[in-house]
Amino acid sequence: MIEKPTEVHSIEPSPSSPESSSTNLQPGKIIAMLKAGETARTVGVYHGKDYDAFQIELADGTEGLIIAADTFRVVSR
């Protein structure tokens, strides 16, 4: 559940490790902005060197990363 405006970033491979794995991804450009009250489905959790993020799927099927912060909370349905 989004509580404050939250940026959704594209998912990019890490330049230093192009292999596809959860530790070799990084956030790219901003592709959407979620507003308070909106929801998105979590499909993965990433623990990077400099950030933690949730991989989400938007209503239109687009997937992206939201950086762990105090702008949202994870709830189960």
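FYI, side chains are in, hydrogens and waters are out, and symmetry mates aren't considered; it's all heavy atoms of this structure.
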Next on the checklist: Please determine whether side-chain contact (heavy atoms from CB on, under 4.5 Å) holds for the pair E57 and T62, giving the CA-CA distance in whole Å, both sets of side-chain angles, and the decisive distance to 0.1 Å.
Outcome noted: CA-CA 6 Å; E57 181 179 331; T62 302; over 6 Å; no
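- Just one residue in the list D52, L65, I67 forms a side chain to side chain contact (heavy atoms under 4.5 Å, CB included) with Y46, and that residue is L65.
- No continuous path of ILVMFWY side-chain contacts below 4.5 Å connects M1 to M33, so the two sit in separate hydrophobic clusters.
- Between the CD atom of Q55 and the OG1 atom of T42 there is a distance of 9.5 Å, given to the nearest 0.5 Å.
- At distances below 3.5 Å, at least one donor-acceptor pair connects side-chain atoms of T6 with backbone N or O atoms of K4.
- None of T71, I30, I66 except one satisfies the side chain to side chain contact (heavy atoms under 4.5 Å, CB included) rule with E7; the exception is I30.
- Shortest non-hydrogen contact noted between A32 and L58 is CB-CD1, 4.1 Å.
- Between the side chain of S10 and the main chain of K29, a donor-acceptor pair closer than 3.5 Å is present.
- Pairing each heavy atom of G28 with each of E12, the nearest pair is CA-CG, 3.5 Å.
- Residues R41 and I56 have side chains not in contact (no heavy-atom distance under 4.5 Å, counting atoms from C-beta outward).
- Within the 4.5 Å cutoff, the side chain of T39 has no heavy atoms near those of the I2 side chain.
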